[in-house]
Amino acid sequence: MGAGGDLATAGRGMRRGAALVAALGVAGGAAAGALAAFTADVTADATFAAAPDWTPPTATVHTVQKAEGGVPGFVRPGGGYRVLASFADTGNPASGFAAASADTTSLTAAASASALTTAGGPTTAGGVDYTHRSGLLTADGGTPAGARTYAITATDADANTGTQSGLTVTVDGTAPTAQDIQTVNAGAIAGRPEAGDRIVFTFSEPVDPQSIVAGWTGDAPTPAVVRFTNGFLIAADTVGVRNAANSAALPLTPADITLPNGGYVNGDLTFGASGTASTVTVSGATVTVTLGTASGTAATGGAGTLSWTPGAALYDRAGNAATTGAATESGASDAEF
Ligand SMILES: [Ca+2]
Ligand SMILES: [Ca+2]
Ligand SMILES: [Ca+2]
């Protein structure tokens, strides 16, 4: 048994020796363009070590973003998109990033190797900066909804190549729809529009914030103006959400919403045009508008049920335009604000 153990030990030693020779052979074969750091220690055992770059670069961040920009990670069938990534190369020393490509054949059958370059970049998406991106690609029209995978292949200056596969993007072909509208009294008098009162719009799914206000990421509230228009004689008053300059309606309310009756304002009023701005915030599929400083004192209106029709300029995270069907206020008939 003892002799067998010695033989086994010797065998392992021989295999280690063989493996070392093989590794040096690889190093020799790659020596033509190799960068390597050599270290020697003459004070102790006279060792010698080579530590070249045998490691390919990796994409440290990566995503897919629709052609419209905005929220990344979603594509619609037939929609444009780009692959975004940033890279880091490792090695001792690292030879440096050289080239990369993306395989998005799960979205676009022909897109098996789209170059990722710095042209047109850098790009910020979802609060992350990406140095490299593909050209504009188009998802095939028949791409089924759900999670799809893509891959990124990167090569360093020493010709080390690696592929990161199983990266995910969501395909969504369903248009967002309006689901509900509610108002909330946060002031002193229920039924009277006041600073702090809210209008809450609910969609069937998250809407890309930049389709509500250009350039808005949704990470922080964005200013707006809420305008109440006094109904002529006994006609119902109306309310709409406008841009911060009070020069145009937001696509959230392309047409004013009709209030239950004419009691809410006795003359046209704006909230947030001066003083504290009205604000728009987004949380999931809900968009909330909070009234800012009023230009005058509102009145107190009666009970009823609201109807809200969103604009077709709104789109979801994949870029599907909102349908313009109306949502009816859920719950019992009540006074607004
Ligand atoms: Ca959708
Ligand atoms: Ca109120
Ligand atoms: Ca009125």
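Given the structure is predicted, the values throughout are model-derived calculations rather than measurements. We count ligands from 1, going down the list as the structure has it; atoms in each ligand are counted the same way. Along the sequence shown, the residues carry numbers beginning at 1. Excluded from the calculations below are hydrogen atoms, water molecules and symmetry mates; all remaining heavy atoms, backbone and side chain alike, are included.
- Atom CG in L291 sits 11.5 Å away from atom OG1 in T276 (nearest 0.5 Å).
- Shortest distance from the Ca ion (ligand 2) to D197 is reached at OD2 (N/O/S atoms only).
- Using bins of under 30°, 30° to 60° and over 60° for the plane-to-plane angle, the ring pair W308/F203 lands in the perpendicular bin.
- With hydrogens and angles disregarded, a donor-acceptor distance shorter than 3.5 Å links the side chain of S86 to the backbone of T131.
- Because the distance cut-off is set at 3.0 Å, T174 qualifies as a neighbour of the Ca ion (ligand 1) through one of its N, O or S atoms.
- When distances from the Ca ion (ligand 3) to the N, O or S atoms of D237 are compared, OD1 comes out shortest.
- For F337, the nearest N, O or S atom to the Ca ion (ligand 2) falls under 3.0 Å.
- Looking at R76 and E68, a side-chain N of the basic residue comes within less than 4.0 Å of a carboxylate O on the acidic one, giving a salt bridge.
- Among the atoms of V265, an N, O or S atom falls under 3.0 Å from the Ca ion (ligand 3).
- The nearest N/O/S atom of D316 to the Ca ion (ligand 1) is OD2.
- Within the 3.5 Å criterion, the main-chain N or O of T105 finds a donor-acceptor partner in the side chain of D103.
- The Ca ion (ligand 2) lies under 3.0 Å from an N, O or S atom belonging to I189.
- For E194, the N, O or S atom closest to the Ca ion (ligand 2) goes by the atom name OE1.
- For A186, every N, O or S atom stays at 3.0 Å or more from the Ca ion (ligand 2).
- Between F228 and F337, the ring centre distance stays below 6.0 Å.
- Rounding to 10 degrees, one finds that the Ca ion (ligand 2) sits at the corner of an angle of 180° between N185 OD1 and R192 O.
- The Ca ion (ligand 3) has G262 among its coordinating residues (N/O/S atom, backbone or side chain, under 3.0 Å).
- Of all non-hydrogen atoms in E194 and N185, the two that sit nearest each other are OE1-OD1, 3.4 Å.
- Residue N230: an N/O/S atom is found under 3.0 Å from the Ca ion (ligand 3).
- At the Ca ion (ligand 1), the vertex angle linking OD2 of D172 with OE2 of E205 is 130° (nearest 10 degrees).
- When each of D180, L259, I199, T328 is paired with L306, the side chain to side chain contact (heavy atoms under 4.5 Å, CB included) condition holds for L259 and for no other.
- Between the side chain of S134 and the main chain of R82, no donor-acceptor pair closer than 3.5 Å is present.
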